[in-house]
There are 2 protein chains.
Amino acid sequence: MEKRSKKSQQENTKDLSAEEKIKAAARQLFTKKGYSATRTRDIAEAAGINLALLNYYFRSKEKLFDLIMLENFGQFIHGVRNLFNDKNSSLDQKIENLVDFYISQLIVNPDLPLFVLNEIRSDPKKLQARGFFRDILRKSYFMQQLVEELARQKRTDINPIHIMVNIFSMTIFPFAAAPIICYVGELAEQEFIQVMEERKILIPVWIKKMIAAK
Amino acid sequence: MEKRSKKSQQENTKDLSAEEKIKAAARQLFTKKGYSATRTRDIAEAAGINLALLNYYFRSKEKLFDLIMLENFGQFIHGVRNLFNDKNSSLDQKIENLVDFYISQLIVNPDLPLFVLNEIRSDPKKLQARGFFRDILRKSYFMQQLVEELARQKRTDINPIHIMVNIFSMTIFPFAAAPIICYVGELAEQEFIQVMEERKILIPVWIKKMIAAK
DNA sequence: GTCTATATACGGATAGAC
DNA sequence: GTCTATCCGTATATAGAC
């Protein structure tokens, strides 16, 4: 009993299954190098298993990729849906929560932004397919609160899309550009993370200034 | 005479050379899809020439790619070097010039950001190789002015790297995320461009607010 | 310089033994 | 379930005719 998960019954072997090892290796390589540049042989080697097993478990490279991609997208979106439609938090709180949530996620998975952006560009249909973003953002309670606040501050001159874009730009872009930032700023990995932690506090303050009356 | 360029002497044929057509097609495909996902056959077809010519002119796919990449990087950097070290412009003017320059460039070449970011991640050595960014940013006159201004505003609490990151984030990221923004905001291409044009004015204002004393 | 035809390599996928 | 050996399509690159 104990920690034995409720997976397939045959999994009474010792430890982490080959299937899981393949997925972990595939996630790392696909997320880092993209679909075309990743070879199934590399995945197999990284997973420490045989190439044939990959096809045994996942049928094809493409099927495996689709699986990873869905999980990556899900991870990227999950939580935002709830944060944005929480009826009990103020606009300011939502911004703080969102920025904190994203930065925390991206510190652990810094390759996600480029992966998602590349995927969407290479096949924009992925956006509609799941209706991933539209209702999450455009029709969200967050958007409603943002528009109201802009009206209260007499900032109807400013398109709310700019504010949305700025939140995501300042939060996500630094991770996509991490190698440049570390190189230019002469930052080690830990220092970079420290800078990103600072931004959890700073970005909401900056956004508030943008919205504030002139 | 007239418009005849001073290229190779044998180029006394009628119009745009095959070599140029290949480079143009290669730039478009490489920039859009990356190295691995682009096939030399596609380049040849897009250029309207035979596959063998590609190797005749450029020896190999990789050599051709390196050429395109260098030019893309150059285009991305060129101008910034001068803008940042102009002794005769104020900090505010530099920010305005930089944002205007980048957004104008990116409206024409919206695929450049992802291309550059992908290339750097896949091979961070490219950063050092040319010393592309370091002295342009860190040791620039712009950086000096920024640090001085932060001191004058009694904002020594804020690491200047944040301001740099914010300028580039707000300027560049929207182009990398263009498909998402257009989808969420229900923007046609022209409307997206219009929004980006607005940002030429807005971003410098926002940055000024970030630097301003509390 | 430009083409056709082809050599060569590589990567995804499968057959079949254990 | 896991391995070895191998097949086969595809993509790069070149040889050689014109």
Side-chain angles (χ1 to χ4, degrees), chain A residues 4-69 118-119 122-123, chain B residues 4-69 118-119 122-123:
Chain A
R4 181 116 319 160
S5 70
K6 55 179 171 58
K7 295 207 65 178
S8 67
Q9 288 79 354
Q10 299 94 314
E11 201 178 295
N12 44 10
T13 47
K14 39 192 182 289
D15 73 327
L16 203 65
S17 69
E19 187 172 352
E20 288 302 321
K21 285 192 284 185
I22 295 172
K23 264 181 66 173
R27 164 164 297 111
Q28 215 222 318
L29 287 170
F30 278 141
T31 306
K32 181 158 194 144
K33 316 204 314 175
Y35 180 79
S36 303
T38 300
R39 287 168 307 180
T40 53
R41 284 174 161 80
D42 293 341
I43 297 173
E45 189 183 5
I49 55 90
N50 189 276
L51 169 61
L53 272 199
L54 189 150
N55 291 294
Y56 173 77
Y57 281 115
F58 301 98
R59 289 281 301 182
S60 72
K61 176 187 181 182
E62 201 173 0
K63 286 243 185 5
L64 175 56
F65 180 79
D66 287 343
L67 194 71
I68 300 297
M69 193 205 58
N118 282 324
E119 275 313 298
S122 76
D123 183 8
Chain B
R4 182 116 319 158
S5 68
K6 55 181 169 61
K7 295 205 66 176
S8 67
Q9 288 79 354
Q10 299 93 315
E11 201 177 292
N12 45 10
T13 45
K14 36 188 185 286
D15 74 327
L16 202 66
S17 68
E19 188 172 352
E20 288 303 321
K21 285 193 283 186
I22 295 172
K23 264 180 67 173
R27 163 164 298 111
Q28 214 222 321
L29 287 169
F30 278 142
T31 307
K32 180 156 193 142
K33 315 203 314 176
Y35 179 79
S36 303
T38 301
R39 287 169 307 178
T40 53
R41 281 175 162 80
D42 294 340
I43 296 173
E45 189 183 2
I49 55 90
N50 188 277
L51 170 62
L53 274 197
L54 189 148
N55 291 295
Y56 173 77
Y57 282 116
F58 302 98
R59 290 280 302 179
S60 74
K61 176 186 181 184
E62 202 174 359
K63 287 246 188 358
L64 175 57
F65 180 78
D66 288 344
L67 194 71
I68 301 296
M69 193 205 58
N118 281 324
E119 276 312 299
S122 76
D123 183 8

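Here the structure is a predicted model, which is why all the values come from computation and not from measurement.
- Qualifying salt bridge (Lys or Arg N to Asp or Glu O under 4.0 Å) partners for K33(A), counting only residues two or more places apart in sequence or in other chains: none.
- For the contact set between residues 59-67 of chain A and DNA chain C, defined by any heavy atom under 4.0 Å, the members are R59(A), S60(A), K61(A).
- S36(B) comes within 4.0 angstrom of nothing in the nucleic acid, heavy atoms only.
- Side-chain N/O atoms of T40(A) include none lying less than 4.0 angstrom from OP1 or OP2 on dG11(C).
- Taking atom CG on L54(B) and atom C1' on dC3(C), their separation rounds to 14 Å, with Å as the unit.
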Could you write out each protein N or O paired with an N or O of nucleotides 4-7 of chain D at a distance under 3.5 Å?
{"residue": "dT4(D)", "atom": "OP2", "partner": "N50(A)", "partner atom": "ND2", "Å": "3.1"}

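- Here CD1 of I22(A) is found 11.5 Å from CG of L67(A). Values are rounded to the nearest 0.5 Å.
- Protein atom CG of L53(A) is 15 Å distant from nucleotide atom C1' of dA15(C), rounded to whole Å.
- The NZ atom of K23(B) lies 9.0 Å from the CG atom of L64(B); values are rounded to the nearest 0.5 Å.
- Comparing the start and finish of the helix from dG1(C)-dC18(D) to dC18(C)-dG1(D), five pairs each, the helix axis swings through 10°, to the nearest 10 degrees.
- Taking both residues in full, the closest heavy atoms of T38(B) and K61(B) are given as O-NZ, 2.8 Å, listed atom of the first, atom of the second, then distance.
- One interatomic measurement links the two molecules: CG of N55(B) to P of dT8(C), which rounds to 16 Å at whole-angstrom precision.
- Expressed to the nearest 0.5 Å, how far OH of Y35(A) lies from CD of E62(A) amounts to 4.5 Å.
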Review item, side-chain donor-acceptor pairs of residues 41-58 of chain A, under 3.5 Å, at least two apart:
{"residue": "D42(A)", "atom": "OD1", "partner": "R39(A)", "partner atom": "NH2", "Å": "3.2"}
{"residue": "D42(A)", "atom": "OD2", "partner": "R39(A)", "partner atom": "NE", "Å": "3.1"}
{"residue": "D42(A)", "atom": "OD2", "partner": "R39(A)", "partner atom": "NH2", "Å": "3.1"}
{"residue": "N50(A)", "atom": "OD1", "partner": "A52(A)", "partner atom": "N", "Å": "2.8"}

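- Annotation: of the two residues near DNA chain D, Y56(A) and R39(B), the 5′-most nearest-nucleotide partner is Y56(A).
- E45(A) has its CD atom 14 Å from the C1' atom of dG11(C), to the nearest Å.
- D66(A) pairs by the salt bridge (Lys or Arg N to Asp or Glu O under 4.0 Å) definition with nothing, not counting sequence neighbours.
- Side chain of S122(B) to backbone of E119(B): a donor-acceptor contact under 3.5 angstrom is found.
- Here Y57(A) lies in heavy-atom contact (under 4.0 Å) with sugar-phosphate atoms only.
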